[in-house]
Amino acid sequence: MSEQAPPSPPESPDSPGPDTATKQKEQAGESRRSFGQILRESILEGNSVTVIFLAILTAIVIGGLLNAFTNTAVLHAWGNFFSAPGAAISQAWNTAVGAYVALFEGSIFNPHTVAALFQQASIGTAIHNGYLAAVFNPLSETCVQATPLLLAGLAVALPYQAGMFNIGAQSQFIGGAILATYLGYGISLPPVIHVIVCVLGGFVGGAALGWVVGELKARTGAHEVITTIMLNYIMYFLLSYLLGNVMQRPGRSDLISPFIAGNAHLPRLFGSTLRINAGFLLALACAFGVWWLLYRTTTGFEFRAIGKNPTAARVAGMNVERTWVLVMLIAGGLGGVAASTVIQGTDFSVNFQSAGTYGFDAITVALLGLGRPLGVVLASLLFGAFHAGAPLMQAQTSTPVDIVGVLEALIVLFVAAPPLVRAIYRLRAARAAGVAGLSGKGLA
């Protein structure tokens, strides 16, 4: 009679089954993957960083093609393509690449200024004659152009984290510009104190408008998109009225204010020959402050929780209405500080064109930066480089500066449509896990 094997003891409910053990092994293997594997999968699967990089690359290529094939010389050369194909292709290439080279030289680095620097007899002579400053002037101009874009971009990105869309950075910029300018020429204070008072005035001028938007949404449910758009028009007309009356420069008939006092100027960081000033450091400090607020404080957690689901946040005991008011107040203040860096750093007066398109460019900066502080910093530097290099590009290659606006629009178009970028480059859809180290979280 054959012996039967004793039955195995029943598995404990707490002991892992074969499926659970397999999943645990897979998770352990996932956590042991090297950085190279993560990087390769991030590129192939097209996470947020990869999509942004490819969006910028695609926009540059399309912008170059548009620039080349709207050029009269290129079109004439391509009219003779079959008789001289090499000349046609070369003409198109030189036109597109030449514009980008000039853009780079005007915003980052110009080798001609470096060559001129090394031709000087001594470093003292180079400094005295301005050759050293000329080397760093492109970077200085990029930082100057990026400063208001960074602050205004933060004014859009912060409400975005709380589920709000701030279209009113333009009106908040104007509000800050009005108050900062008036404090700059209307009162007399010691140098350092005058600078601080004007910056705080810019913050208050923008914050007041942001507070109005937040209060209207909290008390009446008025959508912030509508109220901010309307405030843009209101502030434009208010600025026009003030510049034509109480703030008009004596002896002038056009819409321009008096110059602010020298005591109110933001100090330049590297002497009078370079325009980069303390406003750039202030903008970086504000970016760090927004990051710290969002990711290291209870208030920032409430902002993000309400942005994800205001109903659940209200059930959890968060005061949603108070948060709407607070986030718009801070955002408006950032827009106002953007104006103070322009008025106190470079323009020293306000006119009807001072606001430019900073408030609307801020929306594209915030979108490109994915609404995160570090992303906004990088996006503002990119757009600042475009704006800084555009004049040299136009001077050297006769390329209209409008191509910069085309580039910015194309970048935002592709960033806003990740499936389109993935389809163009045949990228796989990003997995839910495994590439978090290089995903959007890295831009927090």
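Residue pairs meeting the side-chain hydrogen bond (donor to acceptor under 3.5 Å, both in side chains) criterion with at least one partner in residues 197-206, sequence neighbours excluded, are absent. Sorted pairs that involve residues 378-394 and meet salt bridge (Lys or Arg N to Asp or Glu O under 4.0 Å), not counting sequence neighbours, are lacking altogether. Counting only residues at least two apart or in different chains, salt bridge (Lys or Arg N to Asp or Glu O under 4.0 Å) contacts with residues 316-328 comprise E302-R322, R314-E321.
In this view, R219 and E215 satisfy the salt bridge (charged side-chain N to carboxylate O under 4.0 Å, His left out) rule, not counting sequence neighbours. Under the salt bridge (charged side-chain N to carboxylate O under 4.0 Å, His left out) criterion, D254 pairs with R252, not counting sequence neighbours. Contacts of H387 classified as ring pair (Phe, Tyr, Trp, His ring centres under 6.0 Å), with partners at least two apart in sequence or in another chain: none.
Within the 4.5 Å cutoff, the side chain of L242 has heavy atoms near those of the I178 side chain.
Shown here is F69, whose CZ atom has more than 12 heavy atoms of other residues, nucleotides or ligands within 6.0 Å. By the 6.0 Å contact criterion, OH on Y425 is enclosed, its count of non-hydrogen atoms from other residues, nucleotides or ligands being greater than 12. By the neighbour-count criterion of 12 heavy atoms within 6.0 Å, atom OH of Y100 is densely surrounded, having more than that number from other residues, nucleotides or ligands.
When atom types are taken as modelled, the side chain of S354 and the backbone of V350 share no donor-acceptor pair closer than 3.5 angstrom.
The aromatic rings of F104 and F109 sit perpendicular to each other, their planes meeting at more than 60°, with 30° as the lower class boundary.
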